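Excluded from the calculations below are hydrogen atoms, water molecules and symmetry mates; all remaining heavy atoms, backbone and side chain alike, are included. Note that this is a predicted model, so its numbers are computed, not measured. Within every chain, numbering begins at 1; the chains are lettered A, B, ... in the order of the sequence lines, protein sequences first and strands thereafter.
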Amino acid sequence: VPFFRHTENRNNPLLREHCPEAILYLHPRTAAALGVAAGEWVTVQTPTGRACSRAVLTEGIAPDVVQAVPGWGGEQNINRVIPWEGFAEGIGTVPMRGLPCRLIRGRQA
Amino acid sequence: MTSWPWLVVDLDRCWGCGACEVACKVKLGLGPGPGALRVVEIGPRGIDGELQRDFVPVLCLHCDQAPCLEACGAGALYRAADGSVQVEASACTGCAVCQEACPYGAIQPAAGGSIVKCDLCLDRREEGWQPACVHHCPGRALALLAAEDLPRAVGGRFSWSVGRVVYVSGKYASLGEGLGAREQNTIQGGTNP
């Protein structure tokens with residue numbers, strides 16, 4: 001949605017109607033193996049932490065990859081699974097892609 | 001010679017952001033809930049070995065043969081001078097037969113027992129503005145055009161219309177046989193981040 005930028009506008013009711021909660025893109029086969037149906041809660045876990053999102057099933061993603069969206073707060077904040085050490089030199093940010101993770105069915109913050 | 005406007009929906013340019021929906025609701029003073037326009041996502045699904053994902057803005061098509069007009073017994077719907085189908089809210093009894101008659105779900109219930117549907121922003125156009133959805137479409141997928149500008153907008157692609165709204169696509173010959181028939185292959189729709 002073009003009108004969400006970083007954390008901006010997340011409390012606008014007209015925009016929240018469009019995208020009410022954080023979503024996680026995953027392949028239907030991955031979701032089936034996990035027992036997660038479209039729209040159900042799924043939790044991403046890394047050694048750093050956990051974050052909850054609503055499952056969006058799509059064949060447009062590899063089965064062993066999931067894609068989360070940034071900008072949500074609280075238990076839906078995907079930053080909670082991203083390690084905050086090891087800043088990339090010269091860039092000043094932490095790696096946010098290619099992180100190994102585990103998926104848990106349901107909402108387990 | 002006709003000066004009737006045509007709302008051209010370029011399906012090749014729509015990426016499903018929903019800005020038109022929000023612009024429409026702001027224009028009509030609506031909150032979350034039913035509105036006069038919604039973008040339907042189809043796919044991603046495999047067609048001939050390739051992933052295809054499509055978005056179709058669905059709104060009142062202002063049909064030449066309008067089932068809602070024929071269904072309304074209260075005289076609350078009428079054909080305006082520009083060819084669009086308009087609502088006379090004071091005459092609407094809220095009986096909802098028009099909602100049932102519309103094949104596109106383009107007429108929705110409104111607060112106060114009336115209905116809400118696209119009026120092609122009649123008041124905005126009278127003031128020299130584009131309809132709100134056209135004005136706010138970041139992909140420029142929507143355009144309100146005069147008949148003489150239609151061929152250039154269509155550009156030799158497929159086009160499909162039953163009234164004042166023209167869907168244009170380089171991929172699908174018609175909404176019914178192209179997008180519609182393939183909708184059953186939809187894996188799962190989602191919302192853009």
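- For CZ of B:Arg79, the number of neighbouring non-hydrogen atoms (other residues, nucleotides, ligands) closer than 6.0 Å is greater than 12.
- With chain A as partner, the option from B:Leu51, B:Val26, B:Val39 having the largest number of non-hydrogen pairs under 4.5 angstrom is B:Leu51.
- Interatomic distance, B:Leu30 CG to A:Leu14 CG, rounded to the nearest 0.5 Å: 8.5 Å.
- Here the side chains of A:Glu17 and B:Lys25 are in contact, with some heavy-atom distance below 4.5 Å.
- Hydrophobic clustering (side-chain heavy atoms under 4.5 Å, transitive across Ile, Leu, Val, Met, Phe, Trp, Tyr) groups A:Val94 together with A:Val44.
- Atom CZ of A:Arg16 has more than 12 neighbouring heavy atoms from other residues, nucleotides or ligands inside a 6.0 Å radius.
- Hydrophobic clustering (side-chain heavy atoms under 4.5 Å, transitive across Ile, Leu, Val, Met, Phe, Trp, Tyr) groups B:Val40 together with B:Val9.
- Grouping the Ile, Leu, Val, Met, Phe, Trp and Tyr side chains by contacts below 4.5 angstrom, directly or via other members, places B:Leu37 apart from B:Ile115.
- Put simply, B:Tyr104 and B:Ile42 are part of the same group of oily side chains (I, L, V, M, F, W, Y) that touch within less than 4.5 Å, one to the next.
- Residues of residues 87-96 of chain B placed with any heavy atom under 4.5 Å of a heavy atom in chain A are absent; none qualify.
- Remark: B:Arg38 pairs with no residue by the salt bridge (Lys or Arg N to Asp or Glu O under 4.0 Å) rule, at least two apart or across chains.
- In this structure, B:Pro32 and A:Pro13 approach most closely via the heavy-atom pair CG-O, 3.7 Å.
- No chain of hydrophobic side-chain contacts below 4.5 Å, direct or via other Ile, Leu, Val, Met, Phe, Trp or Tyr residues, connects A:Ile104 to A:Val81.
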